[in-house]
Amino acid sequence: MPSNFIHDFIDEDIAEGGQYEGRTVHTRFPPEPNGYLHIGHAKAIYIDFGTAAKYNGICNLRMDDTNPAREEVEYVEAIKEDVNWLGYDWGDRFFYASDYFEDMYQFAVELIEKGLAFVCELTPEEIRETRGTLTEPGKNSPYRDRPIEENLDLFKRMRAGEFEDGKMTLRAKIDMSSGNINMRDPVIYRIAHEHHHRTGDDWCIYPMYDFAHPLEDALEGITHSLCSLEFEDHRPLYDWFIENCSVPYTPRQIEFARLNIDYTVMSKRKLRVLVEENIVSGWDDPRMPTISGLRRRGYTPQAIRNFCERIGISKVDSLVSYDFLEFCLREDLNEHALRGSAVLDPIKLIITNYPNEQKESMTVQNFPYKPELGSHEMTFSKEVWIERNDYAVDPPKKYHRLYKGNEVRLRGAYIVKCTGHIEDDDGNIIAVTAEYDPESRGGKAADGRKIRGTIHWVGTEDAVDAEVRVYDKLFSVPDPDDSDLDYHELINPNSLEVIENAKLEPWLLSKENQGNAFQFIRQGYFIEDSEDSTKEKPVFNRTVSLRETYKPNKK
RNA sequence: UGGGAUGUCGCCAAGCGGUAAGGCACGGGACUUUGACUCCCGCAUGCGUAGGUUCGAAUCCUGCCAUCCCAGCCA
């Protein structure tokens, strides 16, 4: 992991004389189990776990479940699966914020006893009104100077369930005139008669994030609590709680910029809308930036980790281009995906001088520059499927494919010379015709002549029909978050193209290839869909296309 | 008109007073039984801006400008 400003801080902290000299670097990834993880979380996970690993330290996985109104067990399992899939291991350190509810309650009591917290009976509206504004200070709550004994009694009764939701809160007594609004006597406990996914009905008061988080960190012995920029002005409050509660450790919060990628959104709220309005098929729709969506799309953990490493870590608000993610993906897939053939927009190529009933088995490499990965057979005969756009009646300049009179190589088979095409009564092209060179078996000309174009094909004798889903960006604008237009107007209507009758060579569906990522030669990387594909009707997702530098209109 | 941050190539991002790394994208070329991959070459007299300090400034100082975050009993 390359160095960055966070590591500079850590270096100082663990150096001789530093505040954590001799301590093991200990971080944590603390998601709230109220939605699925997305690639923005992947960056955080990479930073939290990666940093710990770099310093031979450890990283905890902790569910920040302090708000029962919106958290569910369903998400807990999904989060664990995603972190695991990304390749990170939390060992035996899987925790819940709710593990510490009793401790937190005791720390709250401590604050009350020190005269640093009070039970406030202001309504939510009144709290808002007395908080002041960005430019004006707030006003003290009339309950601010309640005697300690009374606070203690009331807080105990809050816990006992004597009061309705919203009737009272416990507030820290700090400074209503602070320029930092977070310091204006923040609420640290609210009453919520809600069933919690783990503690059930044990509690009807729940701690707020600002109070809970530093305590969770301290209780777990976290040294470096890494979070995103919006918590920067919560840090004084974080430190205030650490200082005023008798916690066993003193963690340090350091903030970094969260990840943004163009043509997509990264907030759970907005992603949820896509799911709820059926704009996508679910949280794991292959167009979603969720970890589960990327996984289903065919992204690899390695590609995502490489991406996270290369975008770097800083405090600058940035918008990383989607191209860069795709570059990292192609880079990894290029090294690992076996090569096979599929024709997405099929048209027949008839080899007129090839014997009518003849069939030949052609050997093709599974991975051209890694012969150790073996080879497989393809069935060649008089008629083969080729890509419709590999034939042109009126070819553009520098077109190295089939057009009347041009020679092209059928990859791994023969060199053929195009003789034209066949039309139906309406003038539609229904087949392309060619003559093959019997001396070129395997694709090599006996006389050594150079063949510029090589195209892929699939045998008509054994082709398997399949559905192929071709994806494009979910949004049509680079920065959906920055647009004034309605969310729905920003959706790319062509983000999914379904090809019903693609032709696949049978090897792609063989048993030993189950679940493999493939490169369909000359097209891109594909993977069988984990949800919808069946033996009767295979479905493949295009993970990402191959880089394309051919520009037919050039020159 | 408050508080907290950030501004280095189209996009990320090094740089920490000694004269602008790297990656992506882009352009050109070589190679090629994937127009892929790979390999070469090119791509900031300039570091938000205006001054100042210094032999020397992206780095230090001052002013200004721009952008982001904060007024949940959310995290």
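Residue numbering restarts at 1 for every chain, and letters A, B, ... go by the order of the sequence lines. If you're wondering where the values come from, they're calculated on a predicted model, not measured in any experiment.
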Would you mind classifying the nucleic acid contact of A:Lys167 as base, sugar-phosphate or nothing, using non-hydrogen atoms under 4.0 angstrom? nothing

Classify the nucleic acid contact of A:Arg401 as base, sugar-phosphate or nothing, counting any heavy atom under 4.0 Å across all strands shown. base

Would you classify A:Met183 as touching base, sugar-phosphate or nothing, given that sugar-phosphate means primed atoms plus P, OP1 and OP2, and contacts are heavy atoms under 4.0 Å? nothing

Under 3.5 Å for both donor-acceptor distances, Watson-Crick or wobble: does B:rG2 have a partner, and if so which one? B:rC70

Identify whether any heavy atom of A:His456 sits under 4.0 Å from a base atom; if not, whether one sits that close to sugar-phosphate; answer base, sugar-phosphate or nothing. nothing

Measure from the ring centre of A:Tyr550 to the centre of the six-membered ring in the base of B:rG35, then say whether that distance is under 5.5 Å and the planes meet at under 30°. yes

Judged by nearest nucleotide, the residue sitting upstream toward the 5' end of RNA chain B, A:Gly166 or A:Asp323, is A:Asp323

Pairs of donor and acceptor atoms involving the side chains of residues 164-172 of chain A, under 3.5 Å and at least two apart or interchain, shall be tabulated with distances.
residue: A:Asp165; atom: OD1; partner: A:His193; partner atom: N; Å: 2.9
residue: A:Asp165; atom: OD2; partner: A:His193; partner atom: N; Å: 3.4
residue: A:Arg171; atom: NH1; partner: A:Asp185; partner atom: O; Å: 2.8

Using only side-chain N and O atoms of A:Thr135, determine if any of them is under 4.0 Å from OP1 or OP2 of B:rG3. no

Pairing nucleotide - B:rA57, Watson-Crick or G-U, each distance under 3.5 Å: none

Could you state the atom-to-atom distance from CD of A:Glu331 to C1' of B:rA25 in whole Å? 15 Å

Remember a base hit wins even if backbone is also touched, and classify A:Arg339 as base, sugar-phosphate or nothing at under 4.0 Å, heavy atoms. base

Heavy atoms only, 4.0 Å cut-off, all strands: where does A:Arg70 land among base, sugar-phosphate and nothing? base

Classify the nucleic acid contact of A:Leu122 as base, sugar-phosphate or nothing, counting any heavy atom under 4.0 Å across all strands shown. base

Between A:His196 and A:Phe101, is the ring centre distance below 6.0 Å? yes

Can you give one letter per nucleotide of nucleotides 11-16 of chain B, 5' to 3': B if a protein heavy atom sits under 4.0 Å from the base, S if only from the sugar-phosphate, - if neither? SSSS-B

Could you tell me whether A:Phe518 and A:Tyr525 have their ring centroids closer than 6.0 angstrom? no

Would you mind pulling out the nucleotide paired to B:rU38, Watson-Crick or G-U wobble, both distances under 3.5 Å? B:rA30

If we check side-chain contact (heavy atoms from CB on, under 4.5 Å) with A:Ile451, which of these qualifies: A:Ile415, A:Val416, A:Asp437? A:Ile415

When we call it a touch if two heavy atoms are under 4.0 Å apart, what does A:Thr123 touch: a base, just sugar-phosphate, or nothing? base

Within the 6.0 Å centroid threshold, strictly below: A:Phe118 and A:Tyr143: no

By the 4.0 Å heavy-atom rule, please label A:Gln519 as base, sugar-phosphate, or nothing. base

For a 4.5 angstrom cut-off between non-hydrogen side-chain atoms, does A:Trp457 reach A:Ser341? no

Checking all strands, does A:Phe231 fall into the base, sugar-phosphate, or nothing category for heavy-atom contacts under 4.0 angstrom? base

Any strand is fair game: report the nucleotide pairing with B:rG7 by Watson-Crick or G-U wobble, both distances under 3.5 Å, or none. B:rC65

